[in-house]
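Quick note on labels: first sequence line is chain A, next is B, and so on, each numbered from 1.
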2 protein chains.
Amino acid sequence: MKEQVSIKQIAEICGVSVATVSRVINDNGRFSEETRQKVLSAIKQTGYKPNKLAIGLRKNKSNIIGILVPDITNGFYSAVVKKCEQALSKNGYSSIVCNTDRSAEKEANYLQTLSEHMVDGIIIISTNPSDHYLNVNIPIVFIDRNPDIESKIVITSDHYYGALEATNYLIKTGFSPYIITTKTKAITTKERVRGFYDAIKQHKIDSTDRMLTLHSTSNEFLDKNTEALTFIKNISDKKIGIFTINDNVAYITLQTALKLGKKIPDDFSIIGFDDAPISKIATPQISSIHQNTDELAEKATQLLMEKLADPDNPMNVTKTIPTNLILRNTTLPS
Amino acid sequence: MKEQVSIKQIAEICGVSVATVSRVINDNGRFSEETRQKVLSAIKQTGYKPNKLAIGLRKNKSNIIGILVPDITNGFYSAVVKKCEQALSKNGYSSIVCNTDRSAEKEANYLQTLSEHMVDGIIIISTNPSDHYLNVNIPIVFIDRNPDIESKIVITSDHYYGALEATNYLIKTGFSPYIITTKTKAITTKERVRGFYDAIKQHKIDSTDRMLTLHSTSNEFLDKNTEALTFIKNISDKKIGIFTINDNVAYITLQTALKLGKKIPDDFSIIGFDDAPISKIATPQISSIHQNTDELAEKATQLLMEKLADPDNPMNVTKTIPTNLILRNTTLPS
DNA sequence: GTCAATTGAGAGAACGTTTACTCAGGAAAG
DNA sequence: CTTTCCTGAGTAAACGTTCTCTCAATTGAC
């Protein structure tokens, strides 16, 4: 093991004080060009690296941002995380990524850990409506969750409008609209369901028995089609249009419809949500509501940076990012 | 903002010295039961959280592990990262995840940042053969890369044997074997290619013109089929068996074969590598060589923990994790 | 030549911990 | 009643930085 070289050694080598070296490194304060050269070359020569722990302790700032994400394995979330990490890195921050597995308990634990690590800020991508982040006094930006607290920064896709648009499209292209969702308390889900029913209402369609709630919450989307199977079988409409709460459910629905011999997209149309990779990989490719992950992540990072620059500003901001309908092969052309 | 409470306030509240509080917190040294209760209740009451920056500075240990990953958006990598993060968390470590985008430069930068953050260890999931990690004196565990240094800890799937098995299976079920790979210097790729050719050799099959190297390295696997298209068109064998370097390429190959009207799996067989989600989502589902991501991650974490427990031990370990062939619908039964 | 202003740089406190020393007081042993 | 030993707890240094005070030396104005 090479020895870790500290600012003190640099000072010794250059025959100056520790303070002077610090000044040169941070280009802060006064020093002669000569000193500057000496210090810089000593740094290069020794491979000195500033100890962020010490800096953090002194400045009360770790330069680390925590990112809480339900499941990094999920294509939508990983896309957001990746972009967040990129944007943060550009701003000089490192990111600690934490998988919450959608568990409120894990979320609370990680929040504690992050807070101990003195992270400067936290980005929470989550759908859990629990409230344990309330007693953490670190700037937080929420992606896709809208917690019930006074001032907060929230970035969210327009789930309501996306669902509305999808449902309207199904109706417009001649299908009788249904929705398949999952059992969850997520706010995003609620918004999407609301959008679905509002579209129905607008078209004065009877809204009874139009929703199926899948009970399996896991990602093991295959072989779990029995619920969907009976639901679809029992629909008497000739042309069935299904809006699903996400692309995984859309995939399940697609497989089920194929199993039942439905003609897609002539008699059976599907629109998913998220525009996750799975929608492009499936055969036929699934139409979906695109969430702009890049913009979600960039906006979140940007707002967090603003908050960090001026922590005393309450900043009660809610930014909605528009979604758009991506038409693929489970829908008819308009 | 609530004020950050430090060990000093706890000491004041309890009317004891800072040292005593520290002793209670770490259950280290002597103190009376009475003191213990006092301190504990003060901690609970104030919501005191130990400052990991200060602890890290003092103990020269950050309790953070850096994870370098080419692309967290890739199903295989994200699975490994997720499991690593879980295992590390169980051991009391947080993880800083860094996307290298397969760029050696980014990798070097992140390595520098991680080293500044005083991470206790690094897990590198990478295929880049560059060597800039040499001047970092932090314990490193490599997943799937075998760097040319003296003592190192390497965990790798058995790429060679996996490829061998896949190719043998194609031959055994009556197909003339070909390989489609991508342009990369990755060691894993080399091993897989070697396995392919060794299988061919064992069966005394002429090895000329059996490989296509795709030039597009991006993940945009759709609409890039032209290279694959002409390659497959030019094969005169009645029964074509293709081993692909990964599942994305397998997917491209599958789409191309379908476009050409090939009968799968009767006249055209495909085996991919990684057993990534895409292989299960595609229609038909693609047979693939399964990499045991959980074991890869767990073993890596375990070995890193061992190394951290005894840093002076050189530990030159190479652990190979067996792969296995998952038969789906792009292969004939044996 | 005097005084003021500027420049370069050192001393030392502070950030929040841990831990090696130290020591007072009481119990046990003789 | 000494002496020894243990228990509980305080003191202060150290970890690697930054940054506020200093202050000496140089420069420049008059």
A.B. asks: Are there over 12 heavy-atom neighbours, none belonging to B:Asn60, within less than 6.0 Å of that residue's CG?
C.D. replies: no

A.B. asks: How long is the line joining CD1 of B:Ile7 and P of C:dC15, in whole Å?
C.D. replies: 14 Å

A.B. asks: Specify the separation, in whole Å, of atom CD1 of A:Ile10 and atom P of D:dG16.
C.D. replies: 13 Å

A.B. asks: Specify the separation, in whole Å, of atom CE of B:Met118 and atom C1' of D:dG16.
C.D. replies: 9 Å

A.B. asks: Begin with the C-alpha distance, continue with both residues' side-chain angles, and end with the deciding distance and a verdict on side chain to side chain donor-acceptor pair (under 3.5 Å) for A:Asn63 and B:His117.
C.D. replies: CA-CA 9 Å; A:Asn63 262 278; B:His117 273 299; over 6 Å; no

A.B. asks: Which heavy-atom pair separates B:Asp71 from B:Asn99 by the least distance, and what is that distance?
C.D. replies: CA-OD1, 3.2 Å

A.B. asks: Does A:Thr35 make a side-chain N or O approach to OP1 or OP2 of C:dA9 shorter than 4.0 Å?
C.D. replies: yes

A.B. asks: Counting only heavy atoms not in A:Asn26, do more than 12 fall under 6.0 Å of its CG?
C.D. replies: yes

A.B. asks: Nearest-Å distance, CZ (B:Arg30) to P (C:dA20)?
C.D. replies: 13 Å

A.B. asks: Rounded to whole Å, please give me the gap between CD in B:Glu34 and C1' in D:dA9.
C.D. replies: 13 Å

A.B. asks: In whole angstrom, give the distance that lies between atom CD of A:Glu116 and atom P of C:dC15.
C.D. replies: 20 Å

A.B. asks: Just checking B:Ser32: base, sugar-phosphate only, or nothing, at a heavy-atom cut-off of under 4.0 Å?
C.D. replies: sugar-phosphate

A.B. asks: Calculate the interatomic distance between A:Asn63 atom CG and D:dG16 atom P; express it in whole Å.
C.D. replies: 20 Å

A.B. asks: Run the salt-bridge test on B:Arg36 and B:Glu33 with the 4.0 Å N-O cut-off and return the result as yes or no.
C.D. replies: yes

A.B. asks: Can you name the closest pair of heavy atoms from B:Val119 and B:Ile138 and give their distance?
C.D. replies: O-CG2, 3.7 Å

A.B. asks: Using whole Å, what does the distance between atom P of nucleotide D:dC19 and atom CD1 of A:Ile25 come to?
C.D. replies: 12 Å

A.B. asks: Once each nucleotide of nucleotides 10-15 of chain D is scored for protein heavy atoms under 4.0 Å, what B/S/- sequence comes out, 5' to 3'?
C.D. replies: BB-BBB

A.B. asks: State which of C:dG16, D:dT17, C:dT19 makes the closest approach to the side chain of B:Asn28.
C.D. replies: C:dT19

A.B. asks: Return the nearest nucleotide to the side chain of A:Phe31; candidates are C:dA9, D:dC19, D:dT7.
C.D. replies: C:dA9

A.B. asks: I'd like to know if B:Glu116 pairs up with A:Lys49 as an ion pair, taking the criterion as any Lys NZ or Arg NE/NH1/NH2 lying under 4.0 Å from an Asp or Glu carboxylate oxygen.
C.D. replies: no

